[in-house]
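One structure below.
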Protein chains: 2
Amino acid sequence: MAKEPVAECCGFLHLHEEAVHKVLSEMPPDETLYDLAELFKVFGDSTRIKILYALFEAELCVCDIAQLLGVSQTAISHQLRVLKNSKLVKFRRDGKTVFYSLADDHVRRIIGQGMEHVTE
Amino acid sequence: MAKEPVAECCGFLHLHEEAVHKVLSEMPPDETLYDLAELFKVFGDSTRIKILYALFEAELCVCDIAQLLGVSQTAISHQLRVLKNSKLVKFRRDGKTVFYSLADDHVRRIIGQGMEHVTE
DNA sequence: TCTATATATGAATATCTGTTCATATGTTAA
DNA sequence: TTAACATATGAACAGATATTCATATATAGA
């Protein structure tokens with residue numbers, strides 16, 4: 001992902017060769033890092049965080065979520081699509097109603113870790 | 001955070017009263033949810049993710065990071081400020097050089113959880 | 001079929017964000 | 001002090017993003 005590090009940096013090399021090598025060898029591929037950033041971007045919006053939190057407790061339909069959070073149906077629907085694309089939520093249709101729920105436990109764990117940092 | 005839920009939703013209430021109450025009672029305060037989203041927003045950029053990954057292995061100066069990642073010094077400096085404001089990195093000055101390192105283990109854990117979701 | 005309801009989608013817009021460029025600050029050595 | 005270097009910062013610009021509005025799709029019931 002990075003350029004071949006040149007022999008010197010700021011006039012001399014603070015980082016010795018071994019460390020440079022270790023940093024570069026442990027760095028995941030660019031594409032993975034990009035996907036990771038994309039994932040966190042999804043968590044980086046308070047409307048989506050609220051949706052996910054609401055789904056912690058119960059399976060909910062679009063309209064319920066909109067009511068609970070005081071956000072328009074359209075806005076919720078757009079955000080649910082984002083969450084769906086990231087495989088963070090799943091859904092089932094029941095007649096006219098579509099129920100959404102958390103896709104798996106990663107969501108809880110990721111939010112849990114973030115919460116620890118925020119509330120300490 | 002949410003409006004008082006009205007008695008009906010989509011014409012009838014999919015969510016029974018108890019569930020509504022539980023969702024609302026378990027929901028953290030708006031300010032906390034906002035902070036949480038702000039935190040994840042910081043992780044939601046591939047340049048910042050790369051910086052954090054580089055710091056997994058070693059304490060690095062601004063110039064080293066820029067070289068390793070192939071990004072301009074100015075861009076790195078701006079992003080380090082964001083990471084610093086979120087208390088994800090700390091730094092020490094040594095002469096003209098400023099060395100950055102991870103603030104604590106939350107960073108590793110949060111990225112680790114995200115990585116699990118991305119690479120599965 | 002037609003109507004009502006629940007949800008989804010596309011376009012438009014205002015806001016936010018990351019990078020670049022120019023420049024300032026802080027430190028060392030001469 | 002002056003020069004050189006490492007880093008930080010402010011303004012500007014381009015690109016991304018969340019919401020709104022209008023409308024489309026899907027399902028149920030009459």
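Order of the sequence lines fixes the chain letters, A, B, ..., with proteins taken first and strands second; residue numbering starts at 1 for each chain.
Taking only side-chain nitrogens and oxygens, B:S77 never comes nearer than 4.0 Å to OP1 or OP2 of D:dT7. Regarding contacts with the backbone of D:dA8, every side-chain N or O of B:R81 stays at 4.0 angstrom or more from both OP1 and OP2. The side chain of A:S72 places no N or O atom within less than 4.0 Å of a non-bridging phosphate oxygen (OP1 or OP2) of D:dT19.
The aromatic ring of B:H78 stacks onto the base of D:dT9, its centre lying under 5.5 Å from the centre of the six-membered base ring with the two planes under 30° apart.
Using a 4.5 Å heavy-atom threshold, the side chains of A:F43 and A:L88 count as touching. Side chains of A:L39 and A:I110 form a contact here, defined as non-hydrogen atoms less than 4.5 Å apart.
Across all strands shown, B:F91 has no heavy atoms under 4.0 Å from either base or sugar-phosphate atoms.
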Task: Sugar-phosphate or base contact per nucleotide [nucleotides 22-30 of chain C; S, B, -; heavy atom under 4.0 Å] - done: B----BS--
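Separating the OH atom of B:Y100 from the C1' atom of D:dT7 is a distance of 8 Å, rounded to the nearest angstrom. Here C:dG18 presents its P atom at 15 Å from CZ of A:F40, a figure rounded to the nearest Å. For the pair A:L80 CG and D:dT19 P, the computed distance is 12 Å after rounding to whole Å. Going from atom CG of B:L69 over to atom P of C:dG18 covers 15 Å, rounded to whole Å. Atom C1' of nucleotide C:dG18 and atom CZ of B:F43 are separated by 18 Å, given to the nearest angstrom. Atoms CD1 (B:I51) and P (D:dT7) sit 13 Å apart, rounded to a whole Å. In this structure, A:D64 places its CG atom 14 Å from C1' of C:dT5, rounding to the nearest Å.
Residue pairs meeting the salt bridge (charged side-chain N to carboxylate O under 4.0 Å, His left out) criterion with at least one partner in residues 33-42 of chain A, sequence neighbours excluded, are A:E38-A:K41. For residues 64-92 of chain B, the pairs satisfying ring-ring contact (aromatic ring centres under 6.0 Å, His included) are B:F91-B:Y100, with sequence neighbours left out. Applying the salt bridge (charged side-chain N to carboxylate O under 4.0 Å, His left out) test to pairs two or more places apart or on separate chains, those with a residue in residues 72-100 of chain B are B:E59-B:R92.
Remark: A:E116 CD is packed, more than 12 non-hydrogen atoms of other residues, nucleotides or ligands lying under 6.0 Å away. Within 6.0 Å of CZ on B:F56 lie more than 12 heavy atoms contributed by other residues, nucleotides or ligands.
Residues passing the salt bridge (Lys or Arg N to Asp or Glu O under 4.0 Å) test with A:D105 are A:R108, sequence neighbours excluded.
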Using a cut-off of under 3.5 Å, enumerate the N/O to N/O pairs linking the protein to nucleotides 14-18 of chain D.
from: D:dA18; atom 1: OP1; to: A:R48; atom 2: NH1; distance (Å): 3.2
from: D:dA18; atom 1: OP1; to: A:R48; atom 2: NH2; distance (Å): 2.7
from: D:dA18; atom 1: OP2; to: A:R48; atom 2: NH1; distance (Å): 3.4

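Between A:H106 and B:H117, the angle of the ring planes goes over 60°, which puts this pair in the perpendicular group of the 30/60° scheme.
When the nucleotides D:dA8, C:dT7, C:dT20 are ranked by their closest atom to the side chain of B:A75, C:dT20 comes out on top.
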